[in-house]
K.L.:
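Here it is: the structure, laid out below.
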Protein chains: 2
Amino acid sequence: MLETARGIIAAKGLRSLKVRDVAEAADCSIGSVYNEFGDFDGLILTVNRETVQALSRRLVAVPGDDPIRQLHGFAETYLDFAVANANLLRSLFEHRMEDDRPFPEDILGMVMQAFALMYEPLRRLMPNRDPEEIALQARMMFSAVHGIISLGLEERMVAVPPERLRGQIAQFVDTYLSGLGLAPLRMRSTD
Amino acid sequence: MLETARGIIAAKGLRSLKVRDVAEAADCSIGSVYNEFGDFDGLILTVNRETVQALSRRLVAVPGDDPIRQLHGFAETYLDFAVANANLLRSLFEHRMEDDRPFPEDILGMVMQAFALMYEPLRRLMPNRDPEEIALQARMMFSAVHGIISLGLEERMVAVPPERLRGQIAQFVDTYLSGLGLAPLRMRSTD
DNA sequence: GCGCTATTTTGAACAATGTTCAACACGGAT
DNA sequence: ATCCGTGTTGAACATTGTTCAAAATAGCGC
C-alpha cells in the first residue's frame, strides 16, 4: 500500500496521488487507507518519512575519515539521491499540510539531523569557531547545496544535465571551503 | 480580482486559494473567473507572473557601480522580498501544473533573466573566464542563495530569524567570492 | 427607440476527489 | 451457537475545479 503510494509519487508527482488509485492498486477499500493512515496527509507524510530516512541512511554511510572529502561526499550523495528520487524529495520539501497543522515532530527531527551531519566535519575543519556558528554554517551549506540541486534539476526551468551538476556541486564545495580559508580538494581551473 | 487572488495566496498560502472565494470577493460569478484566466492554473500563473515581475523590478534597481556590492545587493534584495512575500514566492517555485502542461514561456524567460542579472557583475569580477562558465556560475549563486533563504524561512523547519539570515547571506556571499579569489567586502570574524 | 446580432456574464449542473460512518464480515472466546 | 471486539467495506457526503446553455448586456444600423 505504501509501496504503491510511493510509486505513484515517484513516477507522476505528488499531485497525481489519489486515494482511490492507492486503494485499487493495493486491492483494498478506500476506508482501509484511512484506517491505516488517518487521512491523506498521513499517507503522504508516511511516504515522506521514509524518504528522509532513506536519504539519511545514505548520508550517514558517507566515509568520514577526511572532513573535506566527507563534505564532498555529502553533496554528491544528495545529488545522486535527488536525481534518482526527484519527485519524492519534492514531496518532502514542498508538501504543505491542510489548515496549517504542525509539521510532524519526528520528520522535523530527521531533517534537522541531516542538517547536523555537516557539523562534525566543519568542526574538525574549524576547531576554534563558536559551536553555534558552526551549526548555522552547516545548515547554510546544506541549504545552498539543496538550492543548487533542486533548482538545477527543475525541468520546468531548463534543467542542468546531472553530469554537469555533479561538476558544479564539486566546484561549489571547493570554492566555498576555499573561501573559509581551507584547502580545496582539487585545483580550480585557471582563469 | 487578481488582487484578491494574490491577497489570499499571500495571506494563507496557495492551498487556500479557491475559485469561489475569488469570485465572491470580486463580486462576480465563478464563470467570469474562467473567462478571464482560462482555468485555475491560469489564475495562479497570472499571480506568479506578477510576482516574478515585482521581484525583477527590485533586482534591476540594485545599484551596479561596484560588482561586489551589487551581488550583495541582489542577495539582500532577494531576502527582503522573500520575507515580505514568502507565500507568493513559494507559489512561484512550488506550484506544479496539471498534467505536466508546459511551464509558460514568458515566466520562464523572466526567471532566466533574473538568473542572468548576476552575469554582469561576475563577468566584471572574472573577465578572463569563459562566458558560459560565468553564466552557470551566476545561476549557481542564485540557486544557492535561493536555497539558503527558502529553507531558512521555512517555518516548518524552525525558521532562522530574518535578521540572522541577513547576516548569514552577507557572510555567504563574502565567503563564496573570497573562494573565487576575489576580495570580500567586509572582513570575516576572526576564527 | 427598436430590432437584431455579438459579446459577456451567469450559476446550475457536472466531475473529480478527500472524508465519514453505519453496516458488515470475520475471529476467537465462552 | 452465541456473542463481542476488531478490522473492512463502499455508499453517501462535502469540497472544489470545470463546463455550458441560457440570460443579460452591449453595440449597431435604421
Side-chain angles (χ1 to χ4, degrees), chain A residues 1-51 87-88 90-104 107 156, chain B residues 1-51 87-88 90-104 107 156:
Chain A
M1 197 142 121
L2 242 176
E3 300 303 327
T4 64
R6 174 168 36 239
I8 292 173
I9 296 180
K12 298 189 297 184
L14 182 55
R15 284 194 60 158
S16 298
L17 184 67
K18 311 285 142 111
V19 182
R20 283 167 177 77
D21 291 350
V22 174
E24 187 176 9
D27 198 43
C28 69
S29 72
I30 298 172
S32 293
V33 180
Y34 279 81
N35 288 340
E36 192 70 21
F37 299 104
D39 62 0
F40 197 55
D41 274 348
L43 172 58
I44 297 170
L45 288 175
T46 306
V47 173
N48 287 352
R49 186 172 289 114
E50 296 200 351
T51 299
N87 279 330
L88 291 176
R90 275 198 272 269
S91 169
L92 174 61
F93 282 105
E94 295 181 3
H95 171 62
R96 319 253 142 216
M97 306 241 179
E98 213 88 46
D99 307 323
D100 305 349
R101 270 192 295 176
F103 197 67
I107 296 186
R156 311 185 291 178
Chain B
M1 196 140 122
L2 241 177
E3 300 304 326
T4 64
R6 175 171 33 240
I8 292 174
I9 296 179
K12 298 190 297 184
L14 182 56
R15 282 195 61 158
S16 297
L17 184 66
K18 310 286 142 110
V19 181
R20 282 166 177 77
D21 291 349
V22 174
E24 188 176 8
D27 197 45
C28 69
S29 72
I30 298 171
S32 294
V33 180
Y34 279 81
N35 288 341
E36 193 70 22
F37 301 102
D39 62 359
F40 197 55
D41 273 349
L43 172 58
I44 297 170
L45 288 175
T46 305
V47 173
N48 287 352
R49 186 172 288 113
E50 298 202 350
T51 299
N87 279 330
L88 291 176
R90 275 198 271 269
S91 168
L92 173 61
F93 281 106
E94 295 180 2
H95 171 62
R96 318 258 141 211
M97 306 240 179
E98 213 87 46
D99 307 324
D100 305 349
R101 271 191 295 177
F103 198 65
I107 296 187
R156 310 184 293 178

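Since this is a predicted model, take the numbers as computed values, not measurements. Labels below follow one simple rule: chain letters A, B, ... track the order of the sequence lines, proteins then strands, and each chain is numbered from 1.
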K.L.:
Among C/dG11, D/dG10, C/dT17, which is the nearest nucleotide to the side chain of A/Arg20?
P.N.:
C/dT17
K.L.:
Side chain of A/Ile30, heavy atoms from C-beta onward: which of D/dT18, D/dG10, D/dT8 has the nearest atom to it?
P.N.:
D/dG10
K.L.:
If you check the B/Val19 side chain, which of C/dT19, D/dT8, D/dT18 turns out closest?
P.N.:
D/dT18
K.L.:
When you check the gap from the basic side-chain N to the acidic O, do B/Asp21 and B/Lys12 get nearer than 4.0 Å?
P.N.:
no
K.L.:
Measure CG/B/Asp41 against C1'/D/dG17 and give the value in whole Å, please.
P.N.:
10 Å
K.L.:
Measure the spacing between CZ of B/Arg156 and NE2 of A/His95 and express it to the nearest 0.5 Å.
P.N.:
8.0 Å
K.L.:
On DNA chain C, compare the nucleotides closest to A/Lys18 and A/Gly38; which residue's is nearer the 5' end?
P.N.:
A/Lys18
K.L.:
How do B/Gly31 and B/Tyr34 order along DNA chain D: which one's closest nucleotide is nearer the 5' end?
P.N.:
B/Tyr34
K.L.:
What's the CD-P distance between A/Glu36 and C/dT20, to the nearest Å?
P.N.:
16 Å
K.L.:
What is the separation between atom CD1 on B/Ile44 and atom P on D/dG17, rounded to the nearest whole Å?
P.N.:
9 Å
K.L.:
Between B/Arg96 (side chain) and A/Arg15 (backbone), is there a donor-acceptor pair under 3.5 Å?
P.N.:
no
K.L.:
Taking only the side-chain heavy atoms of B/Phe40 (C-beta and beyond), determine which of C/dG18, D/dG10, D/dG17 contains the nearest atom.
P.N.:
D/dG17
K.L.:
Distance check needed: C/dA16 C1' versus A/Arg15 CZ, whole Å only.
P.N.:
13 Å
K.L.:
Which pair of non-hydrogen atoms, one from B/Val19 and one from B/Phe40, has the smallest distance, and what is that distance?
P.N.:
CG2-CD1, 3.4 Å
K.L.:
Between P on C/dT20 and CG on A/Asp39, what's the gap in Å once rounded to a whole number?
P.N.:
8 Å
K.L.:
Which nucleotide in the list D/dT9, D/dT18, C/dT9 gets nearest to the side chain of A/Asn35?
P.N.:
D/dT9
K.L.:
Looking across every strand, which nucleic acid part, if any, lies under 4.0 Å from A/Leu17 by heavy atom: base, sugar-phosphate, or nothing?
P.N.:
sugar-phosphate
K.L.:
Measure CD/A/Glu24 against P/D/dG10 and give the value in whole Å, please.
P.N.:
12 Å
K.L.:
Tell me whether A/Ser91 contacts the main-chain N or O of A/Asn87 through its side chain, where contact means a donor paired with an acceptor under 3.5 Å.
P.N.:
no
K.L.:
Choosing from C/dT9, D/dG10, C/dT19, which nucleotide comes nearest the side chain of B/Ser29?
P.N.:
C/dT9
